[in-house]
Each structure stands twice: as structure tokens, then as C-alpha cells.
Amino acid sequence: YAAKQRQSGSQLYSPSLDAGSQESLSLLGELRRAVEGGQLRLFLQPKVDLRSGQVISAEALVRWEHPQRGLVPPMQFIPFAEQTGFIRQLSAWVVAASARAWRQARERGQVLRISVNLSTRDLMDQDLPLKIRAAIEAEGVPPSALCLEITESAIMDDPARALSTLEQLSAMGFKLSIDDFGTGYSSLAYLKRLPVDELKIDKSFVMAMERDLDDAKIVRSTVELAHNLGLSVVAEGLETLRAWQILARLGCDEGQGYFISKPMPEAQFVDWLEQWKPPALDAEDPPESLF
Ligand code: C2E
Ligand code: MG
Ligand code: MG
Ligand code: MG
């Protein structure tokens with residue numbers, strides 16, 4: 001029964017819902033009450049420097065703690081929130097919660113950068129940069145402590161408008177990152193004009209690179225591309241020690257993935273951080289040549 005309920009839950013929040021339907025309207029009400037009633041949860045996933053093993057930042061990933069359905073993953077409500085425009089309120093909640101998490105870590109002596117995901121509708125909002133800055137300044141967080149992750153498709157929906165928002169954010173001192181790099185449809189000619197600081201290699205390539213030579217080549221080329229453009233590069237989906245070794249050898253700057261930690265409730269994060277010990281990479285045999 002529980003499995004069945006979960007299944008119907010995932011259908012309820014599917015992006016194929018007709019935005020004008022009765023069902024959709026009641027979902028929107030539910031989502032609004034979720035934000036106002038404190039049902040959203042901030043999870044954090046660490047990102048490490050692949051050379052030193054030190055945690056230098058964390059990605060904010062939202063979950064909905066639904067009174068009946070339990071912890072609902074973001075892919076079951078983010079697309080719906082994006083379709084209905086409710087994503088703006090949701091993003092505002094995530095930014096404010098991330099700023100609080102940053103300040104709490106700071107009070108315990110941990111200086112981190114926090115990455116927050118933004119969607120197309122966020123980028124279309126010309127007031128977004130000022131809103132984000134006001135929200136984080138209220139918690140004493142400098143813009144340079146916040147990195148905003150944007151997918152290629154979010155940018156390509158309306159490139160001119162996205163570029164204007166990104167330029168404002170960059171001028172204010174926020175860090176900018178292209179998420180899921182390699183899965184979208186942006187052209188390199190366009191990407192090079194964006195004021196971004198970081199590329200995140202999509203986890204599909206990283207998770208497959210140990211068994212598929214083409215994926216490994218894509219990872220290697222993306223690291224080179226990023227560095228040639230003066231950007232830092234992050235691998236998501238780092239699930240094994242061997243993946244860490246390969247990525248470090250390719251010169252990838254940072255890694256994020258289940259091998260280091262799954263996303264965890266924010267309350268656990270600082271404790272996790274205090275006990276984190278990077279693996280002894282040198283003691284392991286270096287991976288044989290893959291390429
Ligand atoms: P994303 O921004 O690309 O985030 C990375 C996703 O990969 C997360 O899934 C994370 O849990 C997962 N992941 C990280 N390491 C590994 C790994 O080693 N193996 C595997 N299999 N997965 C890994 P999650 O938390 O379910 O989030 C999915 C997507 O939902 C995110 O992808 C992002 O696009 C969106 N999302 C999450 N939170 C927010 C938010 O606050 N706002 C917006 N606009 N989107 C969000
Ligand atoms: Mg992301
Ligand atoms: Mg990603
Ligand atoms: Mg992704």
C-alpha cells in the first residue's frame with residue numbers, strides 16, 4: 001500500500017499536469033501552504049576540493065516534508081512550481097534558508113560557500129538580483145559566499161534576458177555556475193559570453209566514466225574546456241574512490257557525490273563537517289590509464 005501511495009504521489013506532481021486544471025489548482029494551494037506552513041526542508045550536500053579533500057562548499061537541495069506523503073524529492077514538485085510561477089516564492093525560501101545555514105556554520109567556525117539552484121522563471125525576474133542581495137544581507141552573508149547554479153536550458157529559454165540578470169548578479173559579487181553541463185542545448189559561442197565562474201559536469205557522464213570510454217572522454221574534454229575558459233570545474237555524481245582518483249588526475253577542481261556524502265538535513269551538516277576526513281588518496285594505487 002505504501003509503495004502504491006508513493007507511486008501515485010509521483011504522478012500527482014508530474015510536470016505533465018495541465019496548469020489550468022482543478023487538480024493543479026489544489027496542488028498549487030498545497031504547495032503554497034507547504035512554504036507558509038514550514039514543510040520545506042533544506043538539505044545540504046558537501047563539495048570537496050579534489051586535491052586537498054577539504055570541504056569548501058555545499059549545495060542547497062530542497063525537499064518537501066509532506067504530512068501524508070513523507071519526504072518528497074524536488075523533481076516531483078520543482079517542475080510544477082516552475083510551470084505555475086510559484087518557483088519564485090520557493091526560490092526565495094531556499095535563498096533565505098541557505099543564508100541562515102551559512103551564518104550558523106560561520107558561528108561554529110566553518111566558512112563555506114553555499115550553492116543555490118535557480119530556474120528559468122527566476123532568471124526572467126529583473127528584480128531577482130536585488131531581492132537575493134537583500135535576503136542574504138539580512139543574515140550578514142556576503143554575495144561572494146553564494147553561488148547560483150543555472151542550467152543551460154534555463155538560460156536558453158530567453159538568452160538576452162538571462163544574460164542581463166546574470167550580469168547584474170555577477171556585478172554584485174555572486175558566483176555563477178552552469179549546472180548539468182553537457183546535457184543542454186546552449187552553444188559554446190553563447191556560453192563564452194556568460195559571466196560564469198564554474199562548470200558542473202553532469203552526473204550522467206561522471207557516473208558512467210569508469211565503464212564507458214566516451215563518457216570518460218567527455219569528462220576529460222569538459223575539464224580542459226573549463227580551464228581553457230578560465231573557469232573552475234566540478235564533477236557531480238562522484239560515487240567511488242576510483243572516480244575521485246580519475247577526476248583528480250584529470251585536474252578536475254571539485255567533486256560532489258554519494259562517495260563523499262548524500263545530501264543531508266541542514267541540522268546534521270555542521271556535525272558531519274567536523275568529523276569529515278578525506279580518504280588517503282596517495283596510499284591507493286593510481287588508476288591505470290583510462291584513455
Ligand atoms: P542538481 O542541481 O543537478 O543537483 C544534483 C542532484 O544530484 C541532487 O538530486 C543530488 O542529490 C544528486 N546527486 C548528487 N550526488 C549524487 C551521486 O553521487 N549519485 C546520484 N545518483 N545522485 C547524486 P536532488 O536533490 O534530487 O535534486 C534534483 C534536482 O532538483 C537538482 O539537480 C535541481 O535541478 C533541482 N533542485 C533541487 N533543489 C532545488 C531548489 O532549491 N531550487 C531549484 N530551482 N531546483 C532544485
Ligand atoms: Mg545544482
Ligand atoms: Mg547538476
Ligand atoms: Mg542534475
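Nothing fancy with the numbering, it's 1 onward along the sequence.
Under the 4.5 Å side-chain criterion, counting only non-hydrogen atoms from C-beta, Ile178 is in contact with Ile155. Contact of the Ile132 side chain with the Leu148 side chain is registered, since non-hydrogen atoms from C-beta on lie closer than 4.5 Å. Contact of the Asp271 side chain with the Gln275 side chain is not registered, since no non-hydrogen atoms from C-beta on lie closer than 4.5 Å. Leu231 is not listed as a side-chain neighbour of Glu198, based on a closest heavy-atom distance of 4.5 Å or more. Put simply, the side chain of Val233 does not reach to within 4.5 Å of the side chain of Phe181, judged on heavy atoms. Between Val141 and Arg106 the shortest side-chain heavy-atom distance does not fall below 4.5 Å. A heavy-atom distance below 4.5 Å is found between the side chains of Ile78 and Val62. Met264 places a side-chain heavy atom less than 4.5 Å from the side chain of Pro46.
Under the side chain to side chain contact (heavy atoms under 4.5 Å, CB included) criterion, Glu82 pairs with Ile87, Ser119, Thr120, Arg121, sequence neighbours left out. Applying the side chain to side chain contact (heavy atoms under 4.5 Å, CB included) criterion to Ala135, with sequence neighbours excluded, gives Val95. For Glu152, the side-chain hydrogen bond (donor to acceptor under 3.5 Å, both in side chains) criterion is met by Ser186, not counting sequence neighbours. For Glu224, there are no side-chain hydrogen bond (donor to acceptor under 3.5 Å, both in side chains) partners two or more places apart in sequence or in a different chain.
Leu71 and Leu44 fall into different hydrophobic clusters, where Ile, Leu, Val, Met, Phe, Trp and Tyr side chains are chained together by heavy-atom contacts under 4.5 Å. Met207 and Phe205 end up in different hydrophobic clusters when Ile, Leu, Val, Met, Phe, Trp and Tyr side chains are linked at under 4.5 Å. Cluster annotation: Leu130 and Ile150 are assigned to the same hydrophobic cluster (Ile/Leu/Val/Met/Phe/Trp/Tyr, side-chain heavy-atom contacts under 4.5 Å, transitive). Put simply, Val94 and Leu169 are part of the same group of oily side chains (I, L, V, M, F, W, Y) that touch within less than 4.5 Å, one to the next. Ile56 and Val270 fall into different hydrophobic clusters, where Ile, Leu, Val, Met, Phe, Trp and Tyr side chains are chained together by heavy-atom contacts under 4.5 Å.
Remark: the backbone N or O of Leu123 is paired with a side-chain donor or acceptor of Thr165 at under 3.5 angstrom. Judged purely by atom type and a 3.5 angstrom limit, Arg51 has no side-chain atom pairing as donor or acceptor with the backbone of Ala248. Of the possible polar contacts, none joining the Ser170 side chain to the Leu166 backbone as a donor-acceptor pair under 3.5 Å is found. A donor-acceptor pair is defined here as one N or O able to donate and one able to accept, closer than 3.5 Å; no such pair exists between the side chain of Arg63 and the backbone of Arg41. Within the 3.5 Å criterion, the main-chain N or O of Val234 finds no donor-acceptor partner in the side chain of Asp253. The closest donor-acceptor contact from the side chain of Ser164 to the backbone of Ala160 lies at 3.5 Å or more, if one exists at all. Distance alone, capped at 3.5 Å, is enough to place a donor-acceptor pair between the Trp102 side chain and the Leu112 backbone. In this structure a side-chain-to-backbone donor-acceptor pair under 3.5 Å is missing from Glu36 to Arg33. When atom types are taken as modelled, the side chain of Tyr190 and the backbone of Pro159 share a donor-acceptor pair closer than 3.5 angstrom.
Paired with Met209 under the rule side-chain contact (heavy atoms from CB on, under 4.5 Å), one option of Asp214, Ile201, Ile218, Val219 passes, and it is Val219.
The minimum heavy-atom distance linking Phe174 with Ile136 is given by the pair CE2-CD1, 3.7 Å. Taking all atoms of both residues into account, the shortest heavy-atom contact from Glu266 to Ala101 is OE1-CB, 3.7 Å. Contact record, Ala243 with Leu238: CB-CD2, 4.3 Å, taken as the closest heavy-atom pair. Nearest heavy-atom pair, Ser144 versus Lys175, reported as atom, atom and distance to 0.1 Å: O-CG, 4.0 Å. The shortest heavy-atom contact between Trp93 and Leu42 is CH2-N, 3.7 Å. Taking each heavy atom of Asp215 and Ser204 in turn, the nearest pair found is OD1-O, 4.1 Å.
Note: Thr84 OG1 to Leu27 CG = 9.5 Å, rounded to the nearest 0.5 Å. The distance from atom CG of Asp179 to atom OG of Ser115, rounded to the nearest 0.5 Å, is 8.5 Å. Here Arg193 contributes atom CZ and Glu167 contributes atom CD; the two are 8.5 Å apart, rounded to the nearest 0.5 Å. Here the CZ-CG distance, from Arg242 to Leu247, works out to 11.0 Å after rounding to the nearest 0.5 Å. The CG atom of Leu229 sits 7.5 Å away from atom CG of Leu199, with the distance rounded to the nearest 0.5 Å. If you take CD1 on Ile114 and OG on Ser57, they are separated by 9.0 Å, rounding to the nearest 0.5 Å.
Enclosure of atom CZ in Arg108 by more than 12 non-hydrogen atoms of other residues, nucleotides or ligands within 6.0 angstrom is indicated.
The aromatic rings of His66 and Trp64 lie tilted to each other, with the angle between the two planes from 30° to 60°.
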Show me the side-chain donor-acceptor pairs of residues 256-263 shorter than 3.5 Å, one per line, residues at least two apart or across chains.
residue, atom, partner, partner atom, Å
Gln256, OE1, Lys200, NZ, 2.8
Gln256, NE2, Gln45, OE1, 2.7
Gln256, NE2, Glu59, OE1, 2.7

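For residues 131-143, the pairs satisfying side chain to side chain donor-acceptor pair (under 3.5 Å) are Arg103-Glu139, Asp125-Lys131, with sequence neighbours left out.
Thr183 and Asp202 form no side-chain donor-acceptor contact under 3.5 Å, judged by distance and modelled atom types alone.
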| Candidate pair Lys47 and Glu236, rule side chain to side chain contact (heavy atoms under 4.5 Å, CB included), full reasoning | CA-CA 9 Å; Lys47 277 160 74 181; Glu236 55 176 37; over 6 Å; no

| request: Please lay out, stage by stage, how Leu31 and Gln89 fare under the test side chain to side chain contact (heavy atoms under 4.5 Å, CB included). | output: CA-CA 10 Å; Leu31 199 49; Gln89 278 105 303; over 6 Å; no

| task | Decide yes or no on side chain to side chain contact (heavy atoms under 4.5 Å, CB included) for Leu61 and Asn117, but give the supporting numbers first. | result | CA-CA 8 Å; Leu61 295 158; Asn117 294 284; 3.7 Å; yes

| message | With side chain to side chain contact (heavy atoms under 4.5 Å, CB included) as the criterion, how do Leu225 and Leu188 come out once you've worked through the C-alpha distance, each side chain's angles and the decisive distance to 0.1 Å? | response | CA-CA 10 Å; Leu225 174 69; Leu188 293 172; 3.8 Å; yes

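Using a 4.0 Å cut-off between charged side-chain N and carboxylate O, Arg69 and Glu30 make a salt bridge.
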